Amino acid sequence: MSFDATYHDQIYKSVGTRPVRPDGVDKVTGRARYGADFNMPGQLVGRILRSPHAHARIVSIDTARAEALKGVKAVVTAADLPDLSDGDQSHYDLLDNCMARTKAFYDGHAVAAVAAIDAQTARKALKLIEVDYEVLPHVVDVDEAVQPSAPVLHDTIFTGGVEPKPTTPSNVAARAEFGHGDVDAGFEDADFIVERSFKTEQTHQGYIEPHACVASVNPDGTAELWVCTQGHFVYRQKCAELLGMDVSKLRVTSSEIGGGFGGKTHVWMEPVALALSRKAGRPVKLVMSRDEVFRASGPTSATSVDVKIGARQDGRITAASAELRYSCGPYADIWAELGAMTSFACYDLENVNTVGYEVLVNRPKTAAYRAPSAPMAAFAVESAIDELAQKLGIDPVAFRIKNAAREGTRSSYGPVYGPIGIGPTLEAAQTHAHMQAPLGPNQGRGMACGFWFNFGGQTCTDLNVNSDGTVTLAVGTVDVGGARASLSLVAAEELGIPYETVKTVVADTATLGYNDMTDGSRGTFSSSMATISSARNAIEVMRNRAALMWDISIEDVVWEDGQAKAIGSTHDNLAPLSIKEIAEASGKTGGPIAGHSEMVADGAGVSFATHICDVEVDPETGGTKILRYTVIQDAGKAVHPDYVEGQYQGGAAQGIGWALNEEYVYGQDGRLQNPGFLDYRIPVCSDLPMIDTQILEIPNPNHPYGVRGVGETSIVPPLAAIANAVSNAVGVRMTHIPMSPPRILAALDAQPTA
Amino acid sequence: MSGIAVSTTINGDEVEYLCQAEETLLDVLRDRLGLTGAKEGCGTGDCGACSVILDGRLVCSCLVLGAEAQGARVETIEGMAQGDTLHPLQTKFLEHAALQCGVCTPGFLMAAKALLDANPDPTEEEIRFGLAGNLCRCTGYDKIVRAVQDAAREMNGG
Ligand code: FES
Ligand code: FES
């Protein structure tokens, strides 16, 4: 049946309310099972041996002594994970990251793994593996890596996207350019120009649950994988490809997930767990330590960005350009490209140009982190915009409103916008009480905007009407923070039944068709669309069944308030049939009642936010305290407002940590100095104030309820909003994130004394 | 391998187990007793996901040895509800949506219980410092603090 996804205004009964989530009681009683909470009979303990070197050739690996240790059931190296890439570079890179093949590319790169009867034996076995390394010169800094003198990671990589093809290999894996107009002419027109360089350090998603899985490969080649992941269908696909298995033979179940934020969209050690199990012939549980999470699972890019923006005296921007260098770890990716696309997406620009460079360094493979690449670009651009407003003597909000993108604007990355929320979030900021609140000494206020694309993608759901009229909804997008509540609300809304009668579950890969993962803020957007479609299909079935029960034409049956109603003057005497009555009779009217849907959920509406922040900087210590924080973001339609607010608050808090504290610190030896929560300090409860939220609802025209993704945009503005606030508090423009106390003191010291 | 014999009380039940000298209380709870409510977020005392109450005191069970529980009283998240009646903190965490992924929740509930047991009417600042040993990466703490405030209000008779 064709599905009409266009937005229609309506009065909601369930959507927009705040009921308790269906998986809540399990989570407050300790019963919910996360990655490490699952066990199988006869299970072995897996452990991974990791390179202590930032860059080293693996001359040889001798596993004989480890294999001989009592209790060791399998040892694997790259030799047990044959290269099946067949020229597919991204396949090869993924495999190489799971288990180093010829070189170790970063401190923490896996080189071998063991499975043993217990943790003690596994630990001992790791010590018995002898790896002969030839240590090579390394580079960890993104600006140093692009220098011609830098050690080159791969002598097979020549910068892509450049004509003619370069003749020497380079750490710059690719170049990508976006924009339109003539920026040179635009800068000629400008009365004022701001030109600055900015740096951000590498941060980690910092999910509290380390990566964990249990893999079990049977002698007949079938296998099961229990794993914490943002996308079990994608993990199935990747693991099957890397191990040369049929997709159908691998069944993947996603556990409850203890945070992902993009970091659990890539496979890390799951293929290794499967390889260990395959070799040992027993289930293997593999759980990363926190140290391994930091050293070997994806942090975000470290970046270096040059921005130039010009404006006329009347406050109109005439041209904007940016050059962005993003670290990727050892493997080429599109992180700088995403930065280049998002940089100026908030603005309506006649002349704009951005160029991104993907830079390879001896650090762990960069992974997605909530609106990946956008926060760093926004930090640079929104800082420069603020400075330009100051130069022009215009209020920073008014300056942004004057230049904001709107419906019909051609975005800096290409597409023309539909109805969007940047203007409304700015206007809401302008009139927000926060903007008028008084500030004391050493205090400053800053604001900034942010953009994220949002994804749609492949989605399917099964909606089963049970024999008592309750509903089970099976979805394939992992629930990272309350989505099961939102999707139950959507099913209840569409069917016209109470929320409490709908139970949403996340199905495993063997029981539902393929779903893309929960990334790109797509979970609730795409699965709600598929749920609406499933519900409409189930309603069709139920109208049919009611027509059968009444022996009338289906044309004379409508669905209203969870009931089939007969219309037309000849059917006046027919009392409505409830979903329960229809379900109870289903055995006699054609069997079980269900609605299915398979789709590519197109039309995820772009998302914008404006944040306002007050800080106080201690001039003695350089320490910064967040005094007040406000998030204003367009949700399209907030299905469960509590969890929308939660996304806004969580993203802001992560941004605050990034702005003020969090960074990967490498020693001269290229080893990570702070792979733990003590030295890599994420915000704690006493670091933060309440985080105020304002939800705007500018309907997405491509979703029946107007829903947009909400998960990521909230991390985009904080770096810049806080940098602007700190700069206003101390009177020095801060250009290096995190603005840790030593950096703030250094910036203050560098000031000429008045 | 011989182990250390330990007799202890967990959530009111007498429990006996054998453990190795280097095993933490968290290992014992999770791997020997099947009480997986306490989570290992770091193993180094930095995240609070493994919080339990040992003889009335909030501890990181990853920093306590299994053998140290000899003769002690251990309270874990599995014992927080009385039968099918949730503790007011559990109810308020649900009502306020104070969890997203929920992996930090058992630790926060234990820490909040220890806080309210010692200080039934804490200020916002006391709550924030009382829970500062527990990391949550999802919520920004706002709704957690509100849930604890509301639970305290209710436990004090509204
Ligand atoms: S696991 Fe014990 S404090 Fe983190
Ligand atoms: S809810 Fe995910 S870490 Fe707290």
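All figures in this text were calculated on a predicted structure; none of them were measured in a lab. Each chain gets a letter, A, B and so on, in the order its sequence line appears, and its residues count up from 1. Heavy-atom basis, side chains included; hydrogens, waters and symmetry copies ignored.
- Proximity to chain B (any heavy atom under 4.5 Å) is shown, for A:E256, by neither the backbone nor the side chain.
- The closest donor-acceptor contact from the side chain of A:R21 to the backbone of B:L99 lies under 3.5 Å.
- Of the listed residues (A:A32, A:G206, A:G259), the one with the most heavy-atom contacts under 4.5 Å to chain B is A:G206.
- Comparing A:G657, A:P210, A:G676 by how many heavy-atom pairs each has under 4.5 Å with chain B, the most go to A:P210.
- The part of B:E124 that comes within reach of chain A is its side chain, from C-beta onward, which places non-hydrogen atoms under 4.5 angstrom from that chain.
- A:Q649 places no side-chain N or O within donor-acceptor distance of the main-chain N or O of B:D142, the cut-off being under 3.5 Å.
- Both the backbone and the side chain of B:F129 come within less than 4.5 Å of a heavy atom of chain A.
- Between A:R681 and B:D46 no salt bridge is recorded (no basic side-chain N to carboxylate O distance below 4.0 Å).
- Looking at A:Y207, the atoms closer than 4.5 Å to chain B (heavy atoms on both sides) all sit in the backbone: N, CA, C or O.
- Contact annotation for B:E125: neither backbone nor side-chain heavy atoms come within less than 4.5 Å of a heavy atom of chain A.
- Residue A:A652: no heavy atom, backbone or side chain, is found under 4.5 Å from chain B.
- Using a 4.5 Å cut-off between heavy atoms, A:V287 does not touch chain B at all.
- Heavy-atom distances place the side chain of B:L109, and not its backbone, under 4.5 Å from chain A.
- For A:I208, the parts lying near chain B are the backbone and the side chain together; criterion is any non-hydrogen pair under 4.5 Å.
- Contact of A:P19 with chain B is not made at all, since no heavy-atom distance falls under 4.5 Å.
- Proximity to chain A is absent for every atom of B:T44, based on heavy atoms less than 4.5 angstrom apart.
- When A:A485, A:G481, A:G30, A:C685 are compared by the number of non-hydrogen pairs under 4.5 Å with chain B, A:C685 comes out ahead.
- A salt bridge between B:R128 and A:D687 is absent, with no side-chain N of the basic residue lying under 4.0 Å from a carboxylate O of the acidic one.
- Proximity to chain B (any heavy atom under 4.5 Å) is restricted, for A:Q205, to the backbone atoms N, CA, C and O.
- Neither the backbone nor the side chain of A:Y629 comes within less than 4.5 Å of any heavy atom of chain B.
- The pair B:R137-A:E662 counts as a salt bridge, with a side-chain nitrogen and a carboxylate oxygen less than 4.0 angstrom apart.
- Taken to the nearest 0.5 Å, the OG1 atom of B:T36 stands 10.5 Å off from the OH atom of A:Y34.
- Residue contact with chain A, scored on non-hydrogen atoms closer than 4.5 Å, involves the side chain of B:A49 exclusively.
- Between the CD1 atom in B:I77 and the CZ atom in A:R31 there is a gap of 10.5 Å [rounded to 0.5 Å].
- The candidate from A:G24, A:S686, A:A653, A:G650 with the greatest count of non-hydrogen atom pairs under 4.5 Å with chain B is A:S686.
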